[in-house]
Amino acid sequence: MNFIEMLKDKIDFYFITDARWHYFTDGVKITLQVTAGALLIGLVIGVLVSIIRSAHDQNPKKELSAGGIIMMLLNAVCRLYLTVIRGTPTLVQLLLIYFFFLANVDNKITTATVAFGINSGAYLAEIFRSGIMSIDQGQMEAGRSLGLGYAKTMQKIILPQAFKNTLPALINEIITLLKETSICGYIGLNDLTRGAEIIGGATYEFFVPLFAAAMIYLAIVMFFTWIMGKVEGRLRESDRR
């Protein structure tokens, strides 16, 4: 038997027999679905928390007005959220949400998406906060002097610049989020990693399925990196104009 025939037999054994390749295609769909949904949730949480934290930090006068008290309470809640989420393992958070907080939700994709979204939001919040704090405070004052409210100034002036400054860190967080979804199998979700484990269990050989899964993860990460590199290049071009 020559090398080509041996390779064909191996491919048939691992991927073609019993249509095992479906575990990879279905796993990729679930992995990307959870990643995309979690990223959207994380972005919303991250932006809100970063705005609250930066507004609190940029206000040196701790007024005892109703607005000041509300801001201090919101900041305290955000700090507690960041401390708990960043200080506990992602797997433990996923299991707690699956077995307790969302125990009545039958859709495991929804459970995983919420869990990873809450986790990612804590890291995105600090990324965005650092970006907001890097913008000169005079730009906020300039926006307010033009008649824009705080929300409009943040939306039109501060956040776009903060996004540019934090883009490399945001790319890293997206890649980290994609790889973290590989623990979805702990709640019985057949993601890409779990699909490779199922094939390994059926064939009693785990190296090839896991290696194939690793290569698929690598290809997805390289694709995301390429896309984000293009976006970053476009933003640099717009800055030079």
Side-chain angles (χ1 to χ4, degrees), residues 30-59 62 69-135 151 154-155 158-159 162-163 165-189 191-194 217 220-221 224-225 228:
I30 292 174
T31 295
L32 293 178
Q33 188 175 345
V34 171
T35 301
L39 181 61
L40 289 176
I41 295 174
L43 286 172
V44 173
I45 295 175
V47 169
L48 291 176
V49 172
S50 64
I51 290 175
I52 293 171
R53 296 269 289 124
S54 59
H56 178 271
D57 293 345
Q58 289 174 343
N59 181 18
K62 309 302 181 186
I69 293 173
I70 291 174
M71 180 57 67
M72 284 191 287
L73 289 175
L74 288 175
N75 182 66
V77 171
C78 290
R79 286 176 65 89
L80 177 63
Y81 160 71
L82 294 173
T83 300
V84 171
I85 296 301
R86 297 172 71 193
T88 55
T90 306
L91 177 57
V92 175
Q93 296 168 20
L94 176 64
L95 294 177
L96 283 173
I97 290 175
Y98 177 70
F99 287 111
F100 297 100
F101 299 111
L102 294 181
N104 294 326
V105 176
D106 294 329
N107 193 322
K108 294 178 181 179
I109 294 179
T110 300
T111 302
T113 300
V114 171
F116 287 111
I118 293 173
N119 178 270
S120 181
Y123 295 94
L124 289 174
E126 289 300 280
I127 291 173
F128 289 141
R129 187 174 76 92
S130 66
I132 292 172
M133 297 298 287
S134 69
I135 306 300
M154 187 66 71
Q155 176 187 353
I158 305 299
L159 287 180
F163 175 78
N165 293 343
T166 59
L167 188 58
L170 179 60
I171 295 171
N172 288 335
E173 175 57 27
I174 294 173
I175 292 172
T176 300
L177 175 61
L178 172 70
K179 293 186 292 185
E180 281 184 343
T181 59
S182 61
I183 63 175
C184 286
Y186 281 91
I187 63 172
L189 191 59
D191 68 318
L192 179 56
T193 302
R194 178 61 178 162
Y217 276 114
I220 296 173
V221 168
F224 282 164
T225 303
M228 289 301 179

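Numbers for residues simply follow the sequence, beginning at 1.
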About how many Å separate CG of L82 and OG of S50, when rounded to the nearest 0.5 Å? 10.0 Å

Nearest heavy-atom contact between N165 and G131 is ND2-O, 4.3 Å

If you look at every heavy atom in T88 and V84, which pair is closest and at what distance? OG1-O, 2.8 Å

One pair to check against side-chain contact (heavy atoms from CB on, under 4.5 Å): V114 and V105. What are the steps and the verdict? CA-CA 11 Å; V114 171; V105 176; over 6 Å; no

From the list L95, T90, L96, L94, side-chain contact (heavy atoms from CB on, under 4.5 Å) with V92 holds only for L96

With side chains defined as the heavy atoms from C-beta onward, is the minimum distance between L124 and I45 less than 4.5 Å? no

pair V34-L189: side-chain heavy atoms closer than 4.5 Å: yes

Listed by chain and number, what are the salt bridge (charged side-chain N to carboxylate O under 4.0 Å, His left out) partners of R86, not counting sequence neighbours? E126

Measure the shortest side-chain to side-chain distance between I30 and R194 over non-hydrogen atoms and say whether it is less than 4.5 angstrom. no

Test salt bridge (charged side-chain N to carboxylate O under 4.0 Å, His left out) applied to E173 - qualifying residues, sequence neighbours left out: none

Is a side-chain N or O of T113 found less than 3.5 angstrom from the main chain of G37, in a donor-acceptor match? no

Ignoring hydrogens and angles, tell me if any N or O in the side chain of T35 forms a donor-acceptor pair with the backbone of L32 under 3.5 Å. no

Got F116 and I183 here, is their nearest side-chain heavy-atom distance under 4.5 Å? yes

Evaluate side-chain contact (heavy atoms from CB on, under 4.5 Å) for V77 paired with L73, printing each intermediate quantity in order. CA-CA 6 Å; V77 171; L73 289 175; 5.6 Å; no

Taking S54 for its side chain and I51 for its backbone only, find out whether a donor-acceptor pair lies under 3.5 Å. yes

Please check if the number of heavy atoms outside D106 that lie under 6.0 Å from its CG is greater than 12. no

Can you confirm whether L170 sits close enough to F163 that some side-chain heavy atom of one is under 4.5 Å from a side-chain heavy atom of the other? yes

Full working for side-chain contact (heavy atoms from CB on, under 4.5 Å) between F128 and V49: CA-CA 9 Å; F128 289 141; V49 172; over 6 Å; no

Residues Q93, I118; criterion side-chain contact (heavy atoms from CB on, under 4.5 Å); working and verdict: CA-CA 9 Å; Q93 296 168 20; I118 293 173; 5.6 Å; no

Residue pair M228 / I174: nearest heavy atoms and the distance that separates them: CE-CD1, 3.4 Å

Partners meeting side-chain contact (heavy atoms from CB on, under 4.5 Å) with T193 (sequence neighbours left out): S182, D191, E197, Y217

